[in-house]
Amino acid sequence: MTWSLATYQQGDTIGLAVLREDGTVVAPPDLKRWGSMLELLGDWAQAEDILRTIEVDDAPVVDYDTLLAPVRWPRKVICAGVNYRRHIREMGGEVPGEGWTPFFFLKPPTTTVIGPTDAIIVRSADTARYDWEAELAVVIGIGGRDIAVADALGHVAGYCVANDVTARGRHKRESVPADAFRYDWFAAKSVDGSLPLGPGITPAFQIPDPQDLRLRLWLNGELQQEESTSDMICTVAELICAASEVVTLEPGDVIPTGTPAGVGAGRGLYLRPGDLVRTTIDGLGTLENPVTDPSGRTS
Ligand code: MG
């Protein structure tokens, strides 16, 4: 049975706890060493040894109001684009050949990251055309620069589920002074609340192979995406290596690793107030995010 590290809120209290597979939240005394997830991730070398033997079966149960995003906040959110073979084809592209290096973009951490049951707020639904992207997110525990592929998984603290919500209608600009400005990644990817994350961070030592995980996403109960992470073009290790050639990776960085086939864009489907999006990865848990307009209305 797997478990994950979660951040919960009860009244004014925000705490670090273990989320068990049955949905209960418990507080093993050993977790009191760290005041927050970011603190724990910053101490990952020590934390990992303690977490490997932590007692979760008999730990005291915690009553909570809600689960927050597990890490508040990631230091950086470095997203991989076009990283699943079948997704590239559905977007009208060609799977790249030898010599391809990962494509990344950033999301602003403190304003895009929301919790596992928070609402996805859509503004101007018709023109912005919000789409879903179920993704495996990697959480860095050991920082580094120029990390070799062979060493990369040793830098991972754990994994969680992400939904890289994308404003497709804001992506392409029609009138631009030069080709370099044709695609507006900022407008498409940086919208407030566009990265549901969680429900907890499952320590990497519980995940034997990150390239053998099954992602699924349902819109209003209808299955939209279902794929194994084995369809990735660049593996988790290759993504970490490539990102660390550009930036110093730090504990608490989050790397969403790209989405598989089944996004709405290919079929003209987009998120509407009143929708419910369920995103799950076997062994990592489920996000369940309602969609509302900015006033909180669902219709
Ligand atoms: Mg994505």
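Every number for a ligand or one of its atoms is a count from 1 in the order of the listing. For the numbers below, each heavy atom of this structure counts, side chains included, while hydrogens, waters and symmetry mates do not.
- For the Mg ion (ligand 1), the nearest N, O or S atom contributed by E133 is named OE1.
- In terms of distance to the Mg ion (ligand 1), the nearest N, O or S atom of D164 is named OD2.
- Put simply, the side chain of D184 does not reach to within 4.5 Å of the side chain of R170, judged on heavy atoms.
- Going from atom CG of L239 over to atom SG of C234 covers 5.5 Å, rounded to the nearest 0.5 Å.
- Looking at D253, its side chain does come within 3.5 Å of a backbone N or O of K76 through a donor-acceptor pair.
- The aromatic rings of W185 and H171 sit perpendicular to each other, their planes meeting at more than 60°, with 30° as the lower class boundary.
- Between the Mg ion (ligand 1) and the N, O or S atoms of E135, the shortest distance is to OE2.
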